[in-house]
Amino acid sequence: MKAISLFSGGLDSILAVKIIQEQNIEVEGVYVNLGFESNKEKINYLQNMAQKLGIKLHIIDKQKEYIEKILFNPVYGYGKNMNPCIDCHAFMIKSAKELMEKTGAKFIISGEVVGQRPMSQRLPALKSVNKLSNADGLILRPLSAKLLPPTIPEIKGWVDREKLLDISGRDRKRQLELAKKYGLEGYESPAGGCLLTDINFSKRLKDYSKNLELTPDEIDILKVGRHINYNGYKIIISRKAEENPFLKNYKGNKFIKMFTKGFPGPVGLIQTDADEDSKQKAADFMVSYTKLDKGDIIIGDKIYSGSKIDKKDIQKYIV
Ligand code: SF4
């Protein structure tokens, strides 16, 4: 008997694996990469944790499909920001179901806890997730199973329902006790959610998607830099050296790159179709974040002479 576990690497998903492994069921983990994770080291961390748990880990890249089908058109709407958590969970479960069918597993497990998150883990939300994912009856949530209707693996006796748990709410006391019992260490502390739950990231995403179509190429550049909207054109300028590679390595076709010519300064991007006035202004913005008052800025294959502007005057364009 084999189960596929949605594996975020958080304590709840680790405990869900442990509880099912204890019932002599083989578990394989799946991490669905949607692109909006804030932690850059995530994949390494997940691989290490999977190794510790003795599970095979599948990493599936679903960024494109997620953007096209879910992000801008969620059936159950958004949370506080641009986070479509109910649809997102259902999407991840659907992905896990595809893997379940491919690998010969018989059900899916998830570390969700009833009532833990305001939007996606209330009881009605879990029902919506089941319905939307088309995997109703196949999703076992070991941490809260006793508070939920029996699932197929419980009804068929593949899993002993009596050994499952009845945890609910935001208090993490029982999970921490279980972590101690299993000798778990080095797990991620519970995060508030992905970048879509972040107010500033959501503002940038909304501003970006007013005029431009999002593809996976642009996700990383939304995570860094100062974002400026000048005359309806988007300009992004790095704030520190560590952000430069994100902008330098941009591979899409919606932006062209901006560099200082012969003096230290930030790296920038400007919308490919920006007009001349906006490119000139972008050169001024670039110089404004250097130590010089004037300097040449390379934008695509042209050079613009930029002049420093007062930061207060730039502020009104910052997203
Ligand atoms: S926090 Fe982000 S990754 Fe998690 S369910 Fe919500 S939208 Fe999806």
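For ligands, and for the atoms within them, numbers begin at 1 and follow the listed sequence. What you see is a predicted model, and the numbers here were worked out from it, not measured in a lab. The residues of the chain are indexed from 1 along the displayed sequence.
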Identify whether the distance between the nearest side-chain nitrogen and carboxylate oxygen of D12 and R172 falls below 4.0 Å.
-> yes
Test: K146 and E154 ion pair at under 4.0 Å = no
Any atoms of ligand 1 less than 4.0 Å from a non-hydrogen atom of T197? List them with their elements.
-> 1 (S)
List every atom of ligand 1 that sits less than 4.0 Å from any heavy atom of G193, numbering the atoms from 1 in the order shown and giving each element.
-> 1 (S)
Tell me, please, if C194 has any N/O/S atom, main chain or side chain, under 2.8 Å from atom 2 (Fe) of ligand 1?
-> yes
Presence of salt bridge, K64 and E68, under 4.0 angstrom = yes
For C85, take its heavy atoms, then give the atoms of ligand 1 lying under 4.0 Å from any of them.
-> 1 (S), 5 (S), 6 (Fe), 7 (S)
Salt bridge (Lys or Arg N to Asp or Glu O under 4.0 Å) partners of residues 242-257, not counting sequence neighbours, each pair once = E218-K254, R239-E243
Verify the distance test for C88 against atom 8 (Fe) of ligand 1: any N/O/S atom under 2.8 Å, yes or no.
-> yes
Should you measure from each heavy atom of H89, which atoms of ligand 1 turn up under 4.0 Å away?
-> 5 (S)
Looking at residues at least two apart in the chain, or sitting in another chain, which of them share a ring pair (Phe, Tyr, Trp, His ring centres under 6.0 Å) with Y317?
-> Y230, F285
